[in-house]
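Beneath this line is the structure, given in structure tokens, with notes to follow.
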Amino acid sequence: MKPTGWFQVAWSDEIGVGEVHRMRYFGQDLVAWRTARGELTVMHAYCEHLGAHLGFGGHVVGEVIQCPFHGWQWSTEGRNVCIPYESRPNRGRRIPTYPVVERNASVYIWHDVDGREPFFDVPDVFASFADGSSIEDYYPQQRLFEQGHEMHPQYVLENGVDFAHFKYVHGTPINPIFTRHDFDQPVSFVDFTITFEGDDQQVVDDVHSGVEAINAGLGIAVTKSWGMIDNRTISCITPVDDVTSDVRFMVYIGKPKREVRDPERARIKAEGFGLDVIRQFRQDIHIWSHQRYSDPPALVSSEVTGFTAIRQWAKQFYPDGIGGSAADVYAALAKGGSDK
């Protein structure tokens, strides 16, 4: 489970100036550290000298990180710049580092097993929708962080084209009417407006409610929702190893468009809306973390277009070009055929 793309590994405020932050993703022990000037680096955790873990006693000295074992110092590029008891550094060894972007109050790294440079960008939960909104128009971010779920990042993206689950997972009578499926580039787009199913199965249109989603590879999805609750969300699923992933989810609730009589009451109400959005996302996590990747799925006619498009799009993010957990199945089939 090592797809290509941008993946969240922390929130920016978890890594202060001079701090070293331990983490494990894509089967690797990593450290993130911030220099005195504020530059953030994410690299493999082990010193190239004798293998000491830089997250256990390693510390930032100005613009470098120093190993706790023998004082070797490493730059933000992973190069050895000082061996305190030698006149020259070891120029032949380098700690692998990752491209890093800080956006959405989050830390993202670019992961690619083939070592390619990033070929798409991290979306901004405000600027990428080009509607003039900014963080000042919303209440502070509310967060969810859950570790070690047995789930795949692709499940979350597929949820974006799954119109039928709202009623059964979330208990809401919502019927999305998709107005856009655009899977031509590594960053894809899914938009829909909302209709509501009444008690007698009548359908009530609400052209003033809808969702726009931007999917940056398999690791990041940002959404803009308007109508019932004006909100922005960011969902990020990052593989820890071949089985488990960490889940991060953030929601911003929009501030009232007009002046309110009691700002504190409005803030508390918005916080409740945010908690409800997080609650609904937790309901999805419960399904995903016990889901089996079904390939081919038993789709009905109304589901074919969306699921076919997003699964075909997802293949580009896997080294084998097959996609999903089904990659292991295809690999086994291919090997079996070659042995005959």
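Hydrogens, waters and symmetry mates play no part in the numbers below; they use all other heavy atoms, side chains included.
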Is there a path of hydrophobic side-chain contacts, each under 4.5 Å between heavy atoms of I/L/V/M/F/W/Y residues, joining F119 to Y108? yes

Has the side chain of W110 got a donor or acceptor atom that lies under 3.5 Å from a matching backbone atom of R116? yes

May I ask you to establish whether R180 and F189 are in a cation-pi arrangement, using a distance under 6.0 Å from NZ or CZ to the six-membered ring centre and at most 45° from the ring axis? yes

Examine distances only and state if a side-chain atom of Q28 and a backbone atom of Y25 form a donor-acceptor pair shorter than 3.5 Å. no

Derivation of the side chain to side chain contact (heavy atoms under 4.5 Å, CB included) call for V251 and F281: CA-CA 10 Å; V251 58; F281 192 75; over 6 Å; no

Got a sec, which residues hit side chain to side chain contact (heavy atoms under 4.5 Å, CB included) with A216, two or more places apart in sequence or on another chain? F120, P123, V187, I220

Check: H286 main-chain N/O paired with H290 side-chain donor or acceptor under 3.5 Å: yes

Donor-acceptor pair, D246 side chain versus G148 backbone, under 3.5 Å? yes

Not counting sequence neighbours, list each pair that qualifies as a side-chain hydrogen bond (donor to acceptor under 3.5 Å, both in side chains) and has a residue in residues 50-64. T35-E63, R37-E63

List, by chain and then residue number, the residues other than W33 in its hydrophobic cluster (Ile/Leu/Val/Met/Phe/Trp/Tyr, side-chain heavy atoms under 4.5 Å); write none if there are no others. V20, V31, M43, L54, V60, I65, W72, W74, I83, Y85, I95

Considering only Ile, Leu, Val, Met, Phe, Trp and Tyr, and joining two whenever side-chain heavy atoms are under 4.5 Å apart, list the other residues clustered with V64. V61, V81

To the nearest 0.5 angstrom, please state how far the CG atom of N104 sits from the OG atom of S128. 7.5 Å

Nearest 0.5 angstrom please: S294 OG to F307 CZ, how far? 10.5 Å

Indicate yes or no: at least one non-hydrogen side-chain atom of D191 is less than 4.5 angstrom from one of F178. no

Answer yes or no on whether R22 is positioned over the face of F56, meaning its NZ or CZ is under 6.0 Å from the six-membered ring centre and within 45° of the axis. yes

Any residue meeting salt bridge (Lys or Arg N to Asp or Glu O under 4.0 Å) with R267, in chain and number order, not counting sequence neighbours: E264, E271

Rounded to the nearest 0.5 Å, how far does CD of Q8 lie from CE of M250? 4.0 Å

Check whether any side-chain N or O of R24 sits under 3.5 Å from a backbone N or O of G27 as a donor-acceptor pair, and report yes or no. yes

Taking C-beta and beyond as the side chain, do H165 and N159 meet within less than 4.5 Å on heavy atoms? yes

Qualifying residue, where the test is side-chain contact (heavy atoms from CB on, under 4.5 Å) with I253 and the options are N231, D230, D276: N231

Using 4.0 Å as the upper bound for N to carboxylate O, is an ion pair formed by R143 and D13? yes

Measuring from atom NE2 of H170 to atom CD of Q280, what distance do you get when rounded to the nearest 0.5 angstrom? 5.5 Å

Please answer whether the main-chain N or O of Y293 pairs with a side-chain N or O of Y155 as donor and acceptor at a distance below 3.5 Å. yes

Could you please spell out the steps behind the side chain to side chain contact (heavy atoms under 4.5 Å, CB included) verdict for H111 and K2? CA-CA 8 Å; H111 177 266; K2 296 182 179 179; 3.6 Å; yes

Got a donor-acceptor contact below 3.5 angstrom from the R34 side chain to the G18 backbone? no

Please check if the side chain of T244 supplies one atom and the backbone of V240 the other of a donor-acceptor pair under 3.5 Å. no

Is any side-chain heavy atom of S245 closer than 4.5 Å to one of P153? yes

Connecting only ILVMFWY residues whose side-chain heavy atoms lie within less than 4.5 Å of each other, what is the rest of F69's hydrophobic cluster? L50

Tell me if a side-chain donor or acceptor on D124 pairs with a main-chain N or O of F126 at a distance below 3.5 Å. yes

For the backbone of V211 and the side chain of S225, can you confirm whether one donor and one acceptor N or O come within less than 3.5 Å of each other? no

